[in-house]
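Each chain gets a letter, A, B and so on, in the order the sequences are listed, and its residues count up from 1.
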2 protein chains.
Amino acid sequence: MPKHEGVSLSVIKRLPRYYRFLGDLLEKGVTRISSRELAQLMRLTASQIRQDLNCFGGFGQQGYGYNVAALHKEIGNILGLNNNYTIILLGAGNLGRAIAKHMDFEARGLHLIGIFDNNPTVVGQQIKGLTVANSTYLEDFCRERKPKAAILCIPKEAAHETVERLMSAGVKCFWNFSHYDLSLAFEDAVVENVHLGDSLMTLCYQINEYYSDGEEK
Amino acid sequence: MPKHEGVSLSVIKRLPRYYRFLGDLLEKGVTRISSRELAQLMRLTASQIRQDLNCFGGFGQQGYGYNVAALHKEIGNILGLNNNYTIILLGAGNLGRAIAKHMDFEARGLHLIGIFDNNPTVVGQQIKGLTVANSTYLEDFCRERKPKAAILCIPKEAAHETVERLMSAGVKCFWNFSHYDLSLAFEDAVVENVHLGDSLMTLCYQINEYYSDGEEK
DNA sequence: TAGATTGTTAATCGATTAACAATC
DNA sequence: TAGATTGTTAATCGATTAACAATC
């Protein structure tokens, strides 16, 4: 049903933020908002908001603005948050466990149905109501449950082989926390990267800029 | 010393990835590489690589290319990875604990020196050799140790007040995991956001696109 | 020297912003 | 109706790519 082929990733990446702000407004009981007001709130231009939204259709009304509840719901639909796609977690180390426990998957259109690890001391543990399974059962599980996506919280070294196994088991979408650019080797994979190491280095650069600016003035 | 005022954030955000790839090449024993070869490896254009690097100076040599070790080191310097800026963690819940244990701060120019939480059952716990302190001691700690940055692994509701306290205690740089756009309220703050919820929704959108494309063909 | 590859300028492309007619 | 605000087209801006002279 959704067909937004021509929409650029820069627009898509802004949608969750719109969704977040509209959700907040909704909680505060705001029923209508103009692009100008929303722009002021989010520190964007009104032009950009209207341009972004009109990639998906005209959700506003001239002279009135946008209905907050309706727009919130529309963006949720565009993002596909109502689909509850099944997802599995690979790697139940510190990060994997935290992601499993911390994230509200259901609110973001996903449903965690399996956790895998190859460390025997971790296998068998209960996390979020799921028993960590040995990675050897990955193929069996995928055949049976057909998960739509996988979270990669595994070390860089294990990433390539794991993705290879997942791809041939029919899992093509990845939330990738491993420091490995999997889209290079797997062209047809759908990848959303969270490279925490890269992000931390970017922070370091910014700290560096902040403190050396002072020195020079 | 570093003064890269005019360099756009799009360039900066690519530096950690260059650093990562050059590190890998270094490990493999590769000593020289041309922009064309590196571009092929990273799936970029050679033009972009040369353009990016020349924002900071001419690190290459005509007819030869780039020395891998030298370039790796240069980028590390630009990112400021040798500075080991002190950083503290706010919030020792699932995510905070995982970040503390999982990240190699030292390799990315940072040094974790304190962890704070206001949950009494968490205070006193040992994480990565640090004892979780009660948040009430935040100001005292900052006065004494002057941390340069803070990691925010706290709930959205607590974010505003916590940042206010940190800012007046002299901490201006943030690695923000909370679903709160702190740069809106604090204009002079330096912020690197990791909005996992937004990222997950973007993944959901992409899964949605991937599976509905199939339907339509 | 000849070949290769950089550094850098110019051309292209895409994304953001401004403007305004359409319309509620 | 008049005022407000959208949807959309046109103008601007920035980032990416191409081209090529400089040079190792």
Side-chain angles (χ1 to χ4, degrees), chain A residues 4-18 21-22 25 30-75 78 181 183-184 202 205, chain B residues 4-18 21-22 25 30-75 78 181 183-184 202 205:
Chain A
H4 312 304
E5 296 272 337
V7 182
S8 80
L9 200 61
S10 353
V11 176
I12 304 304
K13 296 235 177 225
R14 279 194 292 269
L15 293 182
R17 189 157 177 265
Y18 288 131
F21 273 81
L22 290 164
L25 286 168
V30 179
T31 56
R32 72 158 279 277
I33 196 158
S34 70
S35 57
R36 194 180 45 76
E37 291 169 309
L38 187 59
Q40 195 160 23
L41 204 65
M42 297 181 67
R43 293 270 220 298
L44 300 170
T45 63
S47 256
Q48 181 162 65
I49 292 176
R50 294 205 299 278
Q51 199 75 276
D52 282 354
L53 297 178
N54 280 92
C55 292
F56 307 100
F59 305 131
Q61 192 172 303
Q62 281 96 332
Y64 174 85
Y66 299 85
N67 178 296
V68 175
L71 186 57
H72 183 254
K73 204 177 164 189
E74 280 292 354
I75 295 177
I78 295 164
D181 286 67
S183 53
L184 296 184
T202 306
Y205 175 89
Chain B
H4 312 305
E5 296 270 336
V7 182
S8 81
L9 201 61
S10 353
V11 176
I12 304 303
K13 296 235 179 226
R14 279 194 291 271
L15 293 182
R17 190 157 176 266
Y18 288 131
F21 274 79
L22 289 164
L25 286 169
V30 179
T31 56
R32 74 158 277 278
I33 197 159
S34 70
S35 57
R36 194 180 45 75
E37 290 169 309
L38 188 58
Q40 195 160 22
L41 203 66
M42 297 181 67
R43 292 272 220 294
L44 300 169
T45 63
S47 256
Q48 181 163 63
I49 292 177
R50 293 204 301 276
Q51 199 75 275
D52 282 353
L53 297 178
N54 281 93
C55 291
F56 307 99
F59 304 132
Q61 192 172 302
Q62 281 97 332
Y64 173 85
Y66 298 86
N67 179 296
V68 174
L71 186 57
H72 183 257
K73 203 178 165 189
E74 279 293 353
I75 294 177
I78 294 164
D181 285 67
S183 52
L184 296 183
T202 306
Y205 175 89

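- Contact between the side-chain N/O atoms of R32(A) and the OP1/OP2 oxygens of dT6(D) is not found at any separation under 4.0 Å.
- Cation-pi geometry between R32(B) and Y66(B) is not satisfied (NZ or CZ under 6.0 Å from the ring centre, within 45° of the ring normal).
- Remark: T45(A), S47(A), Q48(A), R50(A), Q51(A) in residues 44-51 of chain A come within less than 4.0 Å of DNA chain C through at least one heavy atom.
- Although no hydrogens or angles enter the test, the distance criterion places no donor-acceptor pair under 3.5 Å between the side chain of R36(A) and the main chain of T45(A).
- As a whole-Å value, the separation of F59(A) CZ from dT5(D) C1' is 17 Å.
- Between I33(B) and the options I49(B), L71(B), L25(B), a side-chain contact (heavy atoms from CB on, under 4.5 Å) holds for only L25(B).
- Between R14(A) and dA15(C) there is no side-chain polar atom (N or O) within less than 4.0 angstrom of OP1 or OP2.
- For Y66(A), no side-chain nitrogen or oxygen approaches OP1 or OP2 of dC24(C) to under 4.0 Å.
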Query raised in the report: Going through the distances and angles, do D181(B) and R43(A) end up as a salt bridge (Lys or Arg N to Asp or Glu O under 4.0 Å)?
Result: CA-CA 10 Å; D181(B) 285 67; R43(A) 293 270 220 298; over 6 Å; no

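- Pair assignment for dT12(C) gives dA15(D), based on Watson-Crick or G-U wobble hydrogen-bonding distances that are each under 3.5 Å.
- When each of dG7(C), dA22(C), dA15(C) is scored by its nearest atom to the side-chain atoms of S10(A), the top-ranked nucleotide is dA15(C).
- For the pair Q62(B) CD and dC24(D) C1', the computed distance is 6 Å after rounding to whole Å.
- Side-chain contact annotation: S34(B) with E37(B), donor-acceptor N/O pair under 3.5 Å present.
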**Report entry** Worked verdict on N67(B) versus T31(B) for side-chain contact (heavy atoms from CB on, under 4.5 Å)
**Finding:** CA-CA 6 Å; N67(B) 179 296; T31(B) 56; 5.6 Å; no

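- Distance from the side chain of Q61(A) is smallest to dC24(C) among dT8(D), dC24(C), dT8(C).
- Across all strands shown, dT5(D) is found opposite dA22(C) as a Watson-Crick or G-U wobble partner, with both distances under 3.5 Å.
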